Enquirer: 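One structure, as structure tokens, below. Some questions next.
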Amino acid sequence: MDKIGLNKRYDPIGVEDKWYNYWMEKGYFHADEKSDNPKRYSIVIPPPNITGSLHIGHALNNVLQDILIRWKRMDGFNTLWIPGVDHAGIATQNIVEKQLMEEGRNRHELGRERFIERVWKWKEESEKTIIKQLKRLGSSCDWERERFTMDKGLSIATREVFVSLYEDGLIYKGDYIINWCTRCHTALSDLEVEHEEQKGNLYYIRYPLMIEGEKRPSTDHLTIATTRPETILGDTAIAVNPRDSRYISLIGRSVLLPIVNREIPIIADEYVDESFGTGVLKITPAHDPYDFEIGSRHNLPQLKVINENGRMNEKAGRYKGMDRFECRKELVKGLKEERYLVRIEDYSHSIGHCYRCKTIIEPTLSKQWFVKMKPLSEPAIEVVKNGRIRIIPRGWENTYFEWMKNIKDWCISRQIWWGHQIPAWNCLDCKGITVSRKEPERCIKCGGSNIEQERDVLDTWFSSALWPFSTLGWPEKTQELSLFYPTSVLVTSFDILFFWVARMIMIGLRFMKDVPFRDVYIHALVRDAEGQKMSKSKGNIIDPLLMMDRYGTDAFRFTLAAFAVQGRDIRLSKERIEGYRNFVNKLWNASRFTFLNLSDYNGGTRIEVDKSDLKLVDRWILSRLNRTILEVRKALDDYKFNEAANSIYQFIWHEFCDWYIELIKARLIDEGKEKRISQNILVNVLDKSLRLLHPFMPFITEEIGEQLPYKREGMMVSPYPEFEEDMVDDIAEKEMNMIMDFLREIRNIRAEMDIPPSERLKVILNVDNKNKINVLVREKDYICRLARVKELKIGLDNKREESAATAVIDGIEIFIPLEGLIDFKEEKIRLEDKLQEVRKDLIFVSKRLSNRDFITNAPPEVVAKDKEKQKMLIGKENKLQENLKSITRMCE
RNA sequence: AGGCACGUAGCUCAGGGGGAGAGCGCUUGUCUGACGCACAAGAGGUCGGCGGUUCGAAACCGCCCGUGCCUACCA
């Protein structure tokens, strides 16, 4: 007791580190792969990118996982939470390149090997920061099992998956149009392209029609609308719809390409929309995904005119070397001068940008590696359809199906250095490709030794797709795999549903023959108070570390949980965190109170008192506690973190602190049996509340829990409170509600009549039945104390005194004699207001009850409830009327 | 263009067929032997608009308005 009781305010500094170190020393986070515990629960962390530090979204993500893991651990499961970080190919490479730039160097000067060494150094640094932050949050990860997407085991796993898919014909290499980032110098998958609506122009350009059979243009022409005039240089045809009567006769003829003066054919293709622009489409197969497809259908030449830097290449003639956007300007100028340009319209359309650097994507023809998705996607759709995997909230299932149905092959090669180098070797002699798990010595085709490994690396998401089983040791047949796969739940946010979740499902099913996780819980995105997505460039980032420094980790964690509503984004506000900081402090002081009253306590660790010795308040608080336990468990089961947090909050603050502690103060002053019972219940309720709260607030619950009169190894390894049905006590709750109503009524009179709290009152009660009298008499001491009443007269026929304020609750008339203190006029107004309120309610209920349809159609219990209410209101109305009458007399 | 959310107290948000809830803020009072990061009592809402279903709608359905997000090949 001396230990606590010192500070009136809880100070998290020091406490958090102390407990985290304690848990680590005890090895509580470590899952036992040799355990025969049949209850198992596992989560793999969505590995944060090693691009610096964690933001608030990560904080939310990990707090929710930690809540689940701590809850299950307390509930007796063998729990495993695997932590780790992701190499994040392009993003990380960009960061290190930027660092080099600041030193006035670039990666090409350094060379591939030394550059990669440099990235590894950065990795160590960033990883350290991230892990530290995760620990600061209280995350109870199994650190002995920490993984990295490029560590040795995961590299082997990645290679295994690649080779295996290649052998099964699901990975192929080919020339296709891909999304090219001219700044990152790499291909990107469709998902890595962000579309953004932008203002641009639609240029109407005249293409002169060639005279049939001759090598010269006629004076006729076709007009074509385009947003990208610079691609004219790469046009190899123009297309019209075969049904378009305007152009039907022209199909098969040709036009002269303006500026370039090259002759290209007019082809017919269904894709062309007659109603858009002029109904004529220029075809640039090497720089547009749909032109590419049309080109393939018609065997058109593919003419690349833009290079990997976004500059025009030698095929662009006099525009060679120009940036693509500069070329556009110049070309338009040229078209204008040579009278090819008909007009320019304003036009806004969506343009693809690189999701890493926001550069405008250049669709480019290129040789890349792809994964065939259709055979993988079908089983992945099935497992969600048949409920083997649950997506929570369910609304996301539709989004998932939609995407999976329209899935296209996945471009997985990246022209960067940081990542898993593709395990394919090209033969310099026969051009054959050797794909192999081990470094091959000879070409599989010609047997020559003149082979060279692919320089490209794999898309980062390729290795992420194996995360749920590669982290458990696959392709080795480990104990961990057999114990913890499939994992129990994946906690993530919707923005990587396709990038990651869908791919994990596909790859997991393929290689493990089972889903990677049973539940997918999709949480909100954290936005700032204005609803903006947080980003460094906007400068609206709330730093989780700063919040934890300022308010403590427990308050911060609790806030995130309380905000974690399904299907809605979070707007984080400091006020709210502050509110929960106050809650932490409230709990701290309730505990102080408890310990200050425990100096002579030698009671047991359980509720060992005879149930018949329990007072109403005891029965009530135990009933409420158990209902709360039930609610919290249910909410956690359903991933309703906010509901769980709220239940605990309401219980601890507004029931345990506001009422129970206040009510038992008098009992604790006495000595003897009564005191012991109070102490016992007090300790038990506090203990269970702490354990209930532990997954949300791990630190303070340990700090307080340590001082409970129990011999324990720590809250985090104590059992999670169980719901005990026989503790639920409807009668106690009903009686307590009556007493609380009654107390509120007296306090209300006090406040409205400006009677200072220090003024002890005399109160007379006129009660309508014996039962209520018994309860009131029994609880008289409590009532007097909390209402600050010096004299309480309870009876069946007590009469109102003349100068008394009055109030009515269900079946109880309250008279407070206020000789000299009462202002009759004011009291009259007060009663009139009350009467009006009651009448309003009464009219409402009566109206409903007089509706025949209501009586016949509404459920009987609803009707019964209304009838009872009506009866109560009539009683109240009568009493109020009587009292109003006599107060009116006093006014005269 | 299509799809999906959302619109509830001044602010941030819960709830969801049977008389509107929380936190913060606001007003008034308290300095009570755990806590002023507190206690007590209050004020404050046509639950975006219009129709429909129902005995009953803030909740379910349709349309409209507003906001946000996602997906998309109309050059």
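Residue numbers start from 1 in every chain, and the chains themselves are labelled A, B, ... in the order their sequence lines are given, proteins ahead of strands. Quantities reported herein were computed from a predicted structural model and do not represent experimental measurements.
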Enquirer: Check this one for me: any side-chain N or O of A:Trp403 less than 4.0 Å away from OP1 or OP2 of B:C4?
Expert: no
Enquirer: For A:Ala590, enumerate each residue passing the side-chain contact (heavy atoms from CB on, under 4.5 Å) test, keeping only those at least two apart in sequence or located in another chain.
Expert: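 Counting only residues at least two positions away or on another chain, A:Ala590 forms a side-chain contact (heavy atoms from CB on, under 4.5 Å) with A:Phe656, A:Cys657, A:Ile661.
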Enquirer: If you find the nucleotide of RNA chain B closest to A:Glu197 and the one closest to A:Lys282, which residue's nucleotide is nearer the 5' end?
Expert: A:Glu197
Enquirer: Check nucleotides 7-11 of chain B for protein N or O atoms closer than 3.5 Å to its own N or O atoms and list the pairs.
Expert:
none

Enquirer: List the residues meeting ring-ring contact (aromatic ring centres under 6.0 Å, His included) with A:Trp659, not counting sequence neighbours, and say none if there are none.
Expert: none
Enquirer: Using atom types as modelled, flag every donor-acceptor pair under 3.5 Å from a side chain in residues 748-755 of chain A to any protein atom, sequence neighbours excluded.
Expert:
{"residue": "A:Asn748", "atom": "ND2", "partner": "A:Glu752", "partner atom": "OE2", "Å": "3.2"}
{"residue": "A:Arg750", "atom": "NH1", "partner": "A:Pro756", "partner atom": "O", "Å": "3.0"}
{"residue": "A:Arg750", "atom": "NH1", "partner": "A:Glu759", "partner atom": "O", "Å": "2.9"}
{"residue": "A:Arg750", "atom": "NH2", "partner": "A:Glu759", "partner atom": "O", "Å": "3.1"}
{"residue": "A:Arg750", "atom": "NH2", "partner": "A:Ala787", "partner atom": "O", "Å": "2.9"}
{"residue": "A:Arg750", "atom": "NH2", "partner": "A:Arg788", "partner atom": "O", "Å": "2.9"}

Enquirer: Output the pairing pattern of RNA chain B as a dot-bracket string, 5' first, Watson-Crick or G-U wobble with both distances under 3.5 Å, | for cross-strand pairs, [ ] for crossing pairs.
Expert: (((((((..((((....[..)))).(((((.......))))).....(((((..]....))))))))))))....
Enquirer: So, does the side chain of A:Lys865 form a donor-acceptor pair with the base of B:G18 at under 3.5 Å?
Expert: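 Under the 3.5 Å cut-off, the side chain and the base do not form any donor-acceptor pair.
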Enquirer: Please collect all side chain to side chain donor-acceptor pair (under 3.5 Å) contacts where either partner lies in residues 858-868 of chain A, sequence neighbours excluded, each pair once.
Expert: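 Pairs touching residues 858-868 of chain A that pass the test: A:Arg848-A:Asp866.
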Enquirer: Among residues 576-585 of chain A, which residues get a heavy atom nearer than 4.0 Å to RNA chain B?
Expert: A:Arg576, A:Arg581, A:Asn582, A:Asn585
Enquirer: So A:Pro289, base contact, sugar-phosphate only, or nothing? Heavy-atom distance under 4.0 Å.
Expert: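 Touches nothing.
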Enquirer: Going by the rule side chain to side chain donor-acceptor pair (under 3.5 Å), which residues pair with A:Ser647 if we only count those two or more places apart in sequence or in a different chain?
Expert: A:Glu631
Enquirer: Under the side chain to side chain donor-acceptor pair (under 3.5 Å) rule, what pairs show up with a residue in residues 272-288 of chain A, not counting sequence neighbours?
Expert: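 Pairs touching residues 272-288 of chain A that pass the test: A:Thr231-A:Lys282, A:Asp235-A:Lys282, A:Asp235-A:Thr284, A:Asp273-A:Ser275, A:Lys282-A:Thr284, A:His287-A:Glu362.
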Enquirer: Could you list all N or O pairs between the protein and nucleotides 40-45 of chain B that sit under 3.5 Å apart?
Expert:
{"residue": "B:A41", "atom": "O3'", "partner": "A:Asn748", "partner atom": "ND2", "Å": "3.2"}
{"residue": "B:G42", "atom": "OP1", "partner": "A:Asn748", "partner atom": "ND2", "Å": "2.4"}
{"residue": "B:G42", "atom": "O5'", "partner": "A:Asn748", "partner atom": "ND2", "Å": "3.3"}

Enquirer: Go through the structure and list residues passing side-chain contact (heavy atoms from CB on, under 4.5 Å) with A:Glu837, not counting sequence neighbours.
Expert: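 Partners of A:Glu837 under the side-chain contact (heavy atoms from CB on, under 4.5 Å) test: none.
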Enquirer: Just to verify, what does A:Asp781 make a side-chain contact (heavy atoms from CB on, under 4.5 Å) with, not counting sequence neighbours?
Expert: none
